[in-house]
Amino acid sequence: MDNQFIFKYSWETLPKKWVKKMERSEHGNRFDTNTDYLFQLLCFMKLHTYTRVQVLIDICGVDYPSRKQRFEVVYNLLSIRYNSRIRVQTSADEVTRISSVVSLFPSAGWWEREVWDMFGVFSINHPDLRRILTDYGFEGHPLRKDFPLSGYVEVRYDDPEKRVVSEPIEMTQEFRYFDFASPWEQRSDG
């Protein structure tokens with residue numbers, strides 16, 4: 001059984017409202033779904049006889065600020081039985097909540113926490129949704145495209161006080177000048 005069979009079978013079997021778009025390639029199949037049907041689609045992929053996805057490889061987030069649904073959440077799955085990779089994608093905005101899939105794939109707990117921490121995409125019914133890569137008092141979500149490159153606070157060690165100090169970042173105007181000339185291009189004078 002190959003990717004082509006799984007693609008064709010899924011297309012014929014799945015309810016059409018669950019899948020917005022399907023693509024097939026030699027490396028795997030891709031399913032785009034609405035956030036309302038994400039859990040049902042992943043449940044089908046795991047439990048159905050001809051898909052048998054046992055492994056959630058990872059969950060990734062992507063930020064497209066120009067889109068109305070700016071965040072794309074990507075679930076990369078593997079069926080060991082059929083040697084098939086499946087990618088399930090869904091889109092969300094800042095307020096859309098996505099169903100947690102920890103009950104299907106226990107490894108999703110850490111991945112959903114990372115997507116929450118880095119992008120701010122909230123997972124409903126997650127057993128322990130809290131920051132995983134940033135500090136407890138951290139404000140914002142650092143992998144969003146609108147997050148400032150320098151962050152909001154500076155953390156440094158203060159030697160006279162012998163402790164770590166957090167301060168708001170202050171950038172003077174002289175550090176805000178950017179020279180956009182490329183050092184690799186030669187300028188021709190004359």
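Nothing here was measured: the structure is a model prediction, and the numbers come from that model.
- A 4.5 Å side-chain heavy-atom check between E112 and I59 finds at least one atom pair inside the cut-off.
- Side-chain atoms of N125 and S100 include no donor-acceptor pair closer than 3.5 Å.
- Among all heavy-atom pairs drawn from V53 and F105, the shortest one is O-CE2, 3.9 Å.
- At a threshold of 4.5 Å between non-hydrogen side-chain atoms, the residues S123 and R97 do not count as touching.
- Side-chain atoms of T33 do not come within 3.5 Å of backbone N or O of T90 as any donor-acceptor pair.
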Discussion item. I'd like to know whether L14 forms a side chain to side chain contact (heavy atoms under 4.5 Å, CB included) with V19, so could you lay out the CA-CA distance, the side-chain angles of the two residues, the decisive distance to 0.1 Å, and finally the verdict.
Written reply: CA-CA 8 Å; L14 285 170; V19 180; 3.7 Å; yes
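- Considering only heavy atoms from C-beta on, Y157 stays 4.5 Å or farther from V165 through its side chain.
- To the nearest 0.5 Å, the span separating CE on M118 from CG on L143 amounts to 5.5 Å.
- For K68, the NZ atom is loosely surrounded, since the number of other residues' heavy atoms within 6.0 Å does not exceed 12.
- Linking ILVMFWY side-chain heavy atoms closer than 4.5 Å, directly or via other members, places F122 and F147 in two distinct hydrophobic clusters.
- Cation-pi geometry between K21 and F31 is not satisfied (NZ or CZ under 6.0 Å from the ring centre, within 45° of the ring normal).
- No more than 12 heavy-atom neighbours from other residues, nucleotides or ligands sit within 6.0 angstrom of NZ on K17.
- Side-chain contact between I86 and S79 is absent, with no heavy atoms from C-beta onward closer than 4.5 Å.
- Minimum heavy-atom separation, W111 to L56: CD1-CD2, 4.3 Å.
- In this structure, R67 forms a cation-pi arrangement with Y64, its terminal cationic atom sitting closer than 6.0 Å to the ring centre and no more than 45° off the ring axis.
- Between A108 and V102, the shortest heavy-atom distance links the atoms C-CG2, 4.1 Å.
- Under the 4.5 Å side-chain heavy-atom criterion for ILVMFWY residues, a single connected hydrophobic cluster contains both W110 and V88.
- A salt bridge is absent between K145 and D63: the closest approach of a Lys/Arg side-chain nitrogen to an acidic carboxylate oxygen does not fall below 4.0 angstrom.
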Item to complete: Take Q89 and R30 through the test side chain to side chain contact (heavy atoms under 4.5 Å, CB included) and record every step on the way to the result.
Response: CA-CA 8 Å; Q89 296 180 195; R30 188 180 107 194; 3.2 Å; yes
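- Under the 4.5 Å side-chain heavy-atom criterion for grouping Ile, Leu, Val, Met, Phe, Trp and Tyr, F71 is not connected to L129 through any hydrophobic cluster.
- No side-chain heavy atom of S10 sits less than 4.5 Å from a side-chain heavy atom of N29.
- The nearest pair of heavy atoms linking T134 to P142 is CG2-CG, 4.0 Å.
- For the atom pair OG1 of T96 and CD of E94, the computed distance is 8.5 Å after rounding to the nearest 0.5 Å.
- In this structure, the side chains of V73 and L38 stay at 4.5 Å or more apart for every pair of heavy atoms.
- For the atom pair Q54 CD and Y82 OH, the distance stands at 9.0 Å (nearest 0.5 Å).
- Of the possible donor and acceptor atoms, none in the side chain of N34 sits under 3.5 Å from a partner among the backbone N and O of Y37.
- Residues satisfying the side-chain contact (heavy atoms from CB on, under 4.5 Å) test with P160, not counting sequence neighbours, are D158.
- Looking only at distances, no side-chain donor or acceptor of D135 sits under 3.5 Å from a matching main-chain atom of G137.
- What you find for S99 and F39 is that their closest heavy atoms are CB-CB, 4.1 Å.
- Interatomic distance, CG of L104 versus OH of Y75, reported as 10.5 Å (0.5 Å rounding).
- Hydrophobic cluster membership for V55: I57, L78, I80 (Ile, Leu, Val, Met, Phe, Trp, Tyr linked by side-chain heavy atoms under 4.5 Å, directly or transitively).
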Practice prompt. For side chain to side chain contact (heavy atoms under 4.5 Å, CB included), just list the numbers for H48 and T13, CA-CA rounded to whole Å, side-chain angles, deciding distance to a tenth of an Å, and then say yes or no.
Written response: CA-CA 10 Å; H48 202 275; T13 308; 4.3 Å; yes
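- Taking 4.5 Å as the limit, every side-chain heavy atom of R52 sits out of range of all side-chain heavy atoms of K46.
- For the pair R70 and D146, the salt-bridge criterion is met [side-chain N within less than 4.0 Å of a carboxylate O].
- Remark: E139 CD is loosely packed, at most 12 non-hydrogen atoms of other residues, nucleotides or ligands lying under 6.0 Å away.
- I124 and L42 are not part of a single hydrophobic cluster, where members link through side-chain heavy atoms under 4.5 Å apart.
- G140 and R131 make their closest contact through O-NH2, 2.9 Å (heavy atoms, listed as atom of the first residue, atom of the second, distance).
- Taking 4.5 Å as the limit, some side-chain heavy atom of L133 sits within range of a side-chain heavy atom of E114.
- Remark: H141 pairs with W116 by the ring pair (Phe, Tyr, Trp, His ring centres under 6.0 Å) rule, at least two apart or across chains.
- Interatomic distance, CG of L41 versus SG of C43, reported as 10.0 Å (0.5 Å rounding).
- V74 is not connected to I98 by any chain of hydrophobic side-chain contacts under 4.5 Å among Ile, Leu, Val, Met, Phe, Trp and Tyr, and they are in different clusters.
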Worksheet entry | Derivation and outcome, side chain to side chain contact (heavy atoms under 4.5 Å, CB included), residues R87 and E23 | CA-CA 10 Å; R87 178 182 301 156; E23 287 183 13; over 6 Å; no
